[in-house]
Number of protein chains: 2
Amino acid sequence: MDEQTLTAALARAESLCAERGVRLTAQRRRVLELVCRAERPVGAYEILDQVRDGGKAAPPTVYRALDWLLAQGLVHKLETLHAYIGCTHPEHPHASQFLICSGCGCVAELEDAAIAGSLQSAAEETGFQPSRPVVEVLGTCSDCSDKRRNDR
Amino acid sequence: MDEQTLTAALARAESLCAERGVRLTAQRRRVLELVCRAERPVGAYEILDQVRDGGKAAPPTVYRALDWLLAQGLVHKLETLHAYIGCTHPEHPHASQFLICSGCGCVAELEDAAIAGSLQSAAEETGFQPSRPVVEVLGTCSDCSDKRRNDR
DNA sequence: TCAAAGACGTAACTGTATAACGATCGCATT
DNA sequence: AATGCGATCGTTATACAGTTACGTCTTTGA
Ligand SMILES: [Zn+2]
Ligand SMILES: [Zn+2]
Ligand SMILES: [Zn+2]
Ligand SMILES: [Zn+2]
């Protein structure tokens with residue numbers, strides 16, 4: 001995320017939290033910034049290392065901030081990578097899907113109605129009530145596919 | 001999994017491995033049995049504890065067996081739970097989806113063509129080539145929903 | 001029979017996440 | 001200003017998950 005987008009994202013987070021009457025504290029803001037600044041998903045301990053520069057910190061500091069940011073929908077957790085990524089549209093809560101490239105590590109966040117619908121239908125058939133759908137597709141992005149093709 | 005189903009599943013695994021010309025060794029068979037015998041997904045260290053009874057074992061023992069069983073499609077890993085579960089139809093390789101109940105911990109394995117299709121379509125739109133789709137829906141199973149309803 | 005590959009034992013280690021407890025901060029009420 | 005209370009934070013320790021590295025033994029096929 002470039003500097004300009006980052007500034008905008010943080011400003012948006014500020015105003016969202018103000019609207020909701022919740023406190024985006026310095027710690028939380030810092031962790032959010034670190035997550036968003038990264039081009040790729042970042043692990044909790046990577047964040048911890050950066051938070052440690054210029055201040056003491058321990059795992060719970062980071063995990064508490066991440067848990068709160070997750071609850072606010074400002075970041076997402078990628079279960080398959082044990083890593084975190086900034087949400088691209090935190091205004092409204094949503095069940096998103098992720099395309100994760102094993103080649104370059106890039107991640108695309110989708111909000112695909114067809115996927116959500118098919119999951120909902122499958123769940124309904126068995127009387128299952130979904131609360132948190134986790135959809136993470138590992139594979140190869142188009143850039144990485146192209147590179148491979150050129151290499152041959 | 002009841003005793004009868006378990007015996008059948010192990011026999012099926014035996015014959016599958018024979019067909020494939022791979023070796024279902026005693027260790028692997030034991031881990032498979034422990035995973036299948038459990039009614040719920042089991043963690044690697046739970047398995048380790050059980051393997052330790054009557055024999056020495058360390059983490060690599062269990063992880064090697066699990067990796068092999070995963071490669072053979074005899075068990076699945078649930079990324080959101082860091083736990084393992086026996087496959088309900090290991091005859092053919094497949095991309096399955098899981099409905100995981102947060103109430104009782106039960107898991108249903110689906111093989112839903114509509115879900116797989118919508119994932120494939122969404123990926124194709126962006127030129128992404130899926131290799132391993134992970135679909136795990138957390139929620140409440142019908143039994144647990146019923147219980148809650150009755151409690152009110 | 002004799003290498004080569006596969007499977008296993010063992011020790012140490014890295015990485016991910018949580019429990020528990022006390023101190024502190026922000027804010028409303030007295 | 002002082003009090004009280006819930007939310008937040010610091011700190012230590014620990015639980016849980018997974019890997020690296022290396023040596024030994026077993027199976028298998030030439
Ligand atoms: Zn999002
Ligand atoms: Zn890529
Ligand atoms: Zn399966
Ligand atoms: Zn249930």
Side-chain angles (χ1 to χ4, degrees), chain A residues 13-14 17-18 20-32 34-35 38 40-72 74-85 105 132 134 136 138, chain B residues 13-14 17-18 20-32 34-35 38 40-72 74-85 102 105 134 136 138:
Chain A
E14 291 277 11
C17 291
R20 294 175 188 171
V22 295
R23 294 168 51 197
L24 182 61
T25 63
Q27 293 272 21
R28 291 165 181 170
R29 196 191 146 94
R30 188 153 181 220
V31 170
L32 177 59
L34 290 170
V35 170
R40 320 226 161 291
V42 285
Y45 278 66
E46 282 181 73
I47 297 170
L48 179 56
D49 285 342
Q50 295 188 257
V51 170
R52 272 183 170 137
D53 284 0
K56 292 180 180 178
T61 300
V62 169
Y63 281 104
R64 279 195 281 242
L66 286 173
D67 287 346
W68 187 89
L69 292 168
L70 285 168
Q72 294 299 324
L74 295 170
V75 305
H76 294 294
K77 176 174 186 181
L78 298 176
E79 298 286 347
T80 53
L81 301 181
H82 304 283
Y84 304 81
I85 190 173
R132 187 166 86 91
V134 173
E136 302 178 12
L138 306 181
Chain B
E14 291 276 12
C17 291
R20 294 175 187 171
V22 295
R23 293 165 52 194
L24 182 60
T25 64
Q27 293 272 22
R28 291 165 182 170
R29 197 191 146 95
R30 187 152 181 220
V31 170
L32 177 59
L34 290 170
V35 170
R40 323 224 159 291
V42 285
Y45 277 62
E46 281 181 71
I47 297 170
L48 179 55
D49 285 342
Q50 296 188 256
V51 171
R52 273 182 170 138
D53 285 359
K56 292 180 180 179
T61 301
V62 169
Y63 282 104
R64 280 195 282 240
L66 285 172
D67 287 346
W68 187 88
L69 292 168
L70 286 168
Q72 294 299 324
L74 294 170
V75 306
H76 293 293
K77 176 174 185 181
L78 298 176
E79 297 288 347
T80 53
L81 302 181
H82 304 285
Y84 303 82
I85 190 174
S102 311
V134 172
E136 301 177 13
L138 305 181

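Note that these values count all heavy atoms, side chains included, but never hydrogens, waters or copies made by symmetry. By convention in this document, chain letters (A, B, ...) are assigned in the order of the sequence lines, proteins followed by strands, and residues within each chain are numbered from 1.
- Distances from the side chain of A:Thr25 to the nucleotides D:dC9, C:dT10, C:dT16 place D:dC9 closest.
- Remark: B:Arg40 does not engage B:Glu46 in a salt bridge, criterion side-chain N to carboxylate O under 4.0 Å.
- Regarding A:Leu81, its CG atom lies at a distance of 15 Å from the C1' atom of D:dG18, rounded to whole Å.
- For B:Arg20 and C:dG6, the CZ to P distance is 18 Å, given to the nearest whole Å.
- Of the candidate nucleotides C:dG9, C:dA17, C:dA20, C:dG9 has the atom lying nearest to any side-chain atom of B:Gln27.
- Across all strands, B:Arg23 comes closer than 4.0 Å only to sugar-phosphate atoms, never to a base (heavy-atom distances).
- Listed nucleotides: C:dA19, D:dT19, C:dT10. Nearest to the side chain of B:Tyr63: D:dT19.
- The interatomic distance linking B:Leu48 (CG) with C:dC8 (P) rounds to 15 Å, in whole Å.
- D:dA7 atom C1' lies 15 Å from atom CG of A:Asp67, rounded to whole Å.
- For the pair A:Glu79 CD and C:dT16 C1', the computed distance is 12 Å after rounding to whole Å.
- Along DNA chain C, the nucleotide nearest A:Ala83 and the nucleotide nearest B:Pro59 are compared for position; the residue whose nucleotide lies closer to the 5' end is B:Pro59.
- Stacking of the aromatic ring of A:Tyr45 onto the base of C:dT16 is found: the ring centres lie under 5.5 Å apart and the planes are inclined by under 30°.
- One donor-acceptor pair, N or O on each side, does fall under 3.5 Å between the base of D:dG10 and the side chain of A:Arg64.
- The phosphate of C:dA17 has OP1 or OP2 within less than 4.0 Å of a side-chain N or O from A:Lys77.
- Atom NZ of A:Lys56 and atom P of C:dA23 are 17 Å apart (whole Å).
- For D:dC9, the OP1/OP2 oxygens have no side-chain nitrogen or oxygen of A:Thr61 closer than 4.0 Å.
- Under the 3.5 Å distance criterion, the side-chain polar atoms of A:Arg28 are left unmatched by any main-chain donor or acceptor of A:Ala65.
- Atom C1' of nucleotide C:dC8 and atom CZ of B:Arg29 are separated by 19 Å, given to the nearest angstrom.
- Checking D:dG18, C:dG9, D:dT11 against the side-chain heavy atoms of B:Ala44 singles out D:dG18 as nearest.
- Out of C:dA19, C:dA17, D:dT8, the shortest distance to the side chain of A:His82 is found at C:dA17.
- Rounding to whole angstrom units, CZ of residue A:Arg28 and P of C:dG26 are separated by 13 Å.
- The side chain of B:Tyr84 lies closest to D:dG18 when the candidates are D:dT8, D:dG18, C:dG9.
- Side-chain atoms of B:Glu136 come within 3.5 Å of backbone N or O of B:Glu79 as a donor-acceptor pair.
- Counting heavy atoms from C-beta on, the side chains of B:Leu66 and B:Ile47 come closer than 4.5 Å.
- Between B:Trp68 and B:Leu24, the closest side-chain pair of non-hydrogen atoms falls below 4.5 Å.
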